[in-house]
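Structure first, then comments.
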Amino acid sequence: MDTHTESERQVELGLTGMTCATCAHRIERKLNKLEGVSATVNYATEKAKVTFTASVTPADLVAAVEQAGYGARLPQPPSADSGEAAGETPEEDALQLLRQRLVISAALTAPVIAMAMVPALQFTNWQWLSLTLAAPVVAWGAWPFHRAAWTNLRHGTSTMDTLISLGTLAALGWSLYALFWGTAGTPGMTHPFELTVERSDGSGNIYLEAAAGVTTFILAGRYFEQRSKRRAGAALRALLSLGAKDVAVLGPDGTTETNVPVEQIAVGDLFVVRPGEKIATDGVIERGTSAVDASMLTGESVPVEVGPGDAVVGATVNVGGRLVVRATRIGGDTQLAQMALLVEDAQNGKAQVQRLADQISGIFVPIVILLAAGTLGFWLGTGNGLATAFTAAVAVLIIACPCALGLATPTALMVGTGRGAQLGILIKGPEVLESTRTVDTVVLDKTGTVTTGRMTLREVIAADGENATEILRYAGALEDASEHPIARAIADAARDESGSLPQVEDFTNVEGLGVQGVLVDGTDTSASHAVLVGRPQLLAEWSQHLTPELQTSLENAQSTGGTAVAVGWDGKARGVVVVADAVKPTSATAIRELRALGLRPVLLTGDNEAVARTVAAEVGIDEADVFADVLPADKVAVVKRLQGEGRVVAMIGDGVNDAAALAQADLGLAMGTGTDVAIEASDLTLVRGDLRVAVDAIRLSRRTLTTIKGNLFWAFAYNVAALPLAAAGLLNPMLAGAAMAFSSVFVVSNSLRLRGFKTSASHD
């Protein structure tokens, strides 16, 4: 839940100039030094989520970021003619420039590396061609690293770019010394390509292939990182692109239509949605009936029938008749916008494991610089020559870049939350991932969560000698003229079973008792029947009394949560039709899958105990784990009681009365088919009403957390293993650069495996 006070405000800054996790850590520290400011900076999304008090202005926040040597921009409202609307974003421009820099650098570097690796290609004066090709790569190709290093130096700090800049400039500088003042510039000079460093006075060795190769490898790593981050955020962009672009608004006369951009619609406006069009914004149907396809938004494949008074959601598609809708929520208040906001908030957040990685990155670079200096001094002190010492020191600088460390958490988090959004699972924050690991008990609300929350046929009980199919058909024909939920359930079931229903004449609604009418079955008028459907009292008024067996069945149905109506015709009670809030077809499967995850399911409901136990038995919840007759305020007490027993509790609910319990639970999961209050109080939102999505949410969260930990392990292990090798002079600087870039690509690729996460339903 949002715990900020009214005096606090939130803003999300777009950041530029960051090149590694250390940059993000420095911006975060700079912002948090301001009084009344709490900031979280995410390197992967290049955004800062800032909470600040009235003593600070947004301009102060931007100024603080700029003082740290980076750029910041306040969020801008989208416009129809903006570059972003046209598909050109600053991120895409930056990616295109980076690609251009990489391609040119790679083209120049390839012959330099080839000549250095293959002595046969080392023609007379080849070294001068190498210098001609390599110098632009180190100067222009690596310019972003040099610029960032200089900015950091002016602010008295260092980052990964400091390592890259020092390493490449040192390699180029040494090569220039060897060419102009040493013996490397002599015509006919050759030297072999070696994986280890040989002792030498250094004046005959050049490292142009290392300088250019390291630059190109790191540019490649940066490019693939940026492209992967764009792919990881694709789910969010796809979500935002679902909405309609324009809308036909009705004028005051109720008939004139005016097409306007969707941004211009106001709450209360009436707008038209024709078959095949997207619904422009959240609203309530005023006129017309249709079916709405919400699959793009919720993943639900079956269109939902809607009519006057029904709520509809923006970005869903009208697949039936013409609808007139009154707008109830617009812009950032719509369900689509809130879903996008939840996804982005989750991606901007920071898990505990990420905070640890950021702290390590902050002190890592200075330590590496000291280690490089120590390596240089050690090799010089042991008399191994300047070339050996210099090469080992440069390798240390390059191999230690904490790029993989900085990407370990945010990339996995972005891909995980993006995949969740595609599956209808909205993760509010990274701390949620850590909660799912420890949860051992799942408390389930009944109505709307385990059950459908709407009436459906449960059973038809026929008197001796009567036909159950005929009872349902006659009752359904009569109830088809009524809009009552119980009537609709009976009529729908009858139509599903029989196809067509008989005609009804002289239909009458008897207030509080039921309905009656004359049913004409076919063309033979002699086959007409006077049918009564409703309470037993209605039938008794026409001397159609229930038999003792039917009366007992009716009472049993009511005691187990069913709603029973009596059916009679032609002077005789024929049977009883029972409808109830049916258990969702997937709930039993979901309960089994929750148990398979090591979780204990608990049913919590305000319904009576008989109903609760019936539902629990149907889905496989133990009788001892049923809490019935629980008032809304007492749901919190049940959660607290379980927590008091040492349980780590997840709560799944969908109603206003579940909100407090969702907030109290260690992990709250709200069904997206429920209320806004419940969704706001939860940690995870399940867009679809299928309880199996809760299973998928927990599985995906645990899998994402496992991926984060795996990424961190390999990033740490890589640096721990590689630094001693580099310091020992066992790594050529160019190979060190390639390995460093590979580690970053590995972390991102490992995170992208989450895009293939399969739902439990996909295995059916």
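Numbers for residues simply follow the sequence, beginning at 1.
- Ile708 CD1 to Ser751 OG: the interatomic distance, rounded to the nearest 0.5 Å, is 8.0 Å.
- You'll find the side chain of Val118 reaches within 4.5 Å of the side chain of Leu121, heavy atoms only.
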(message) Pair Leu131, Trp126 - check side chain to side chain contact (heavy atoms under 4.5 Å, CB included), show working.
(response) CA-CA 9 Å; Leu131 176 63; Trp126 69 274; over 6 Å; no

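- Side chains of Arg99 and Gln96: no donor on one and acceptor on the other come within 3.5 Å.
- Atom-to-atom distance recorded for Asp93:CG and Leu98:CG is 12.5 Å, nearest 0.5 angstrom.
- In this structure, Val103 and Gln100 have side chains that are not in contact, with every pair of non-hydrogen atoms separated by 4.5 Å or more.
- Put simply, the side chain of Pro58 reaches to within 4.5 Å of the side chain of Arg9, judged on heavy atoms.
- With sequence neighbours left out, the side chain to side chain contact (heavy atoms under 4.5 Å, CB included) criterion links Leu371 to Thr375, Val396, Leu723.
- Rounding to the nearest 0.5 Å gives a distance of 10.5 Å between CG of Leu208 and CG of Leu129.
- In terms of heavy-atom proximity, Pro136 sits nearest to Leu108 at CB-CD1, 4.1 Å.
- Between Val41 and Glu28, the shortest heavy-atom distance links the atoms N-OE1, 2.9 Å.
- For Thr109, the side-chain hydrogen bond (donor to acceptor under 3.5 Å, both in side chains) test picks out Thr216, with sequence neighbours left out.
- The residues Glu12 and Lys47 are annotated as salt-bridged, a charged nitrogen and a carboxylate oxygen being separated by less than 4.0 angstrom.
- Taking CG from Leu133 and OG from Ser105, the interatomic distance works out to 11.5 Å, rounded to the nearest 0.5 Å.
- Taking CG of Asn32 as the start and OG of Ser38 as the end, the distance is 5.5 Å to the nearest 0.5 Å.
- Not counting sequence neighbours, the partners of Thr57 by the side-chain hydrogen bond (donor to acceptor under 3.5 Å, both in side chains) test are Asp60.
- Contact record, Leu61 with Phe52: CD1-CD2, 3.8 Å, taken as the closest heavy-atom pair.
- In terms of heavy-atom proximity, Ala72 sits nearest to Val62 at O-CG1, 3.7 Å.
- Looking at heavy atoms from C-beta onward, Thr190 lies out of side-chain contact with Gln127 at the 4.5 angstrom threshold.
- Partners of Arg753 according to the side-chain hydrogen bond (donor to acceptor under 3.5 Å, both in side chains) rule, which considers only residues two or more places apart in sequence or in another chain, are Asn750.
- The aromatic ring centres of Trp128 and Phe123 sit 6.0 Å or more apart.
- In plain terms, the two heavy atoms of Thr704 and Ala412 that are nearest each other are CG2-O, 3.5 Å.
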(message) Under the criterion side chain to side chain contact (heavy atoms under 4.5 Å, CB included), I'd like the reasoning laid out for Arg703 against Leu754: C-alpha separation, chi angles, the key distance, then a yes or no.
(response) CA-CA 8 Å; Arg703 172 100 172 265; Leu754 286 167; 3.3 Å; yes

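- The CG atom of Leu102 sits 6.0 Å away from atom CG of Leu219, with the distance rounded to the nearest 0.5 Å.
- Remark: the backbone N or O of Val112 is not paired with any side-chain donor or acceptor of Glu209 at under 3.5 angstrom.
- Checking side-chain atoms of Arg26 against main-chain N and O of Ala68 turns up a donor-acceptor pair under 3.5 Å.
- Take Arg702 and apply the side chain to side chain contact (heavy atoms under 4.5 Å, CB included) test, not counting sequence neighbours, and it matches Thr436, Leu597, Leu599, Ile698.
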(request) Start with the C-alpha gap between Val11 and Thr51, add the side-chain angles, then the distance that decides, and say whether side chain to side chain contact (heavy atoms under 4.5 Å, CB included) holds. (result) CA-CA 7 Å; Val11 70; Thr51 303; over 6 Å; no

(request) Please test Leu13 against Lys49 for side chain to side chain contact (heavy atoms under 4.5 Å, CB included), starting from the C-alpha separation and ending with a verdict. (result) CA-CA 7 Å; Leu13 300 176; Lys49 187 175 181 180; over 6 Å; no

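- Although no hydrogens or angles enter the test, the distance criterion places a donor-acceptor pair under 3.5 Å between the side chain of Thr186 and the main chain of Thr183.
- Of all heavy-atom pairs spanning Met18 and Tyr70, the tightest one is N-CD2, 3.9 Å.
- Proximity of a side-chain donor or acceptor of Arg419 to a complementary backbone N or O of Phe757 within less than 3.5 Å is detected.
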Name every donor-acceptor pair, under 3.5 Å, that has one atom in a side chain of residues 137-144 and the other anywhere in the protein, sequence neighbours excluded.
none

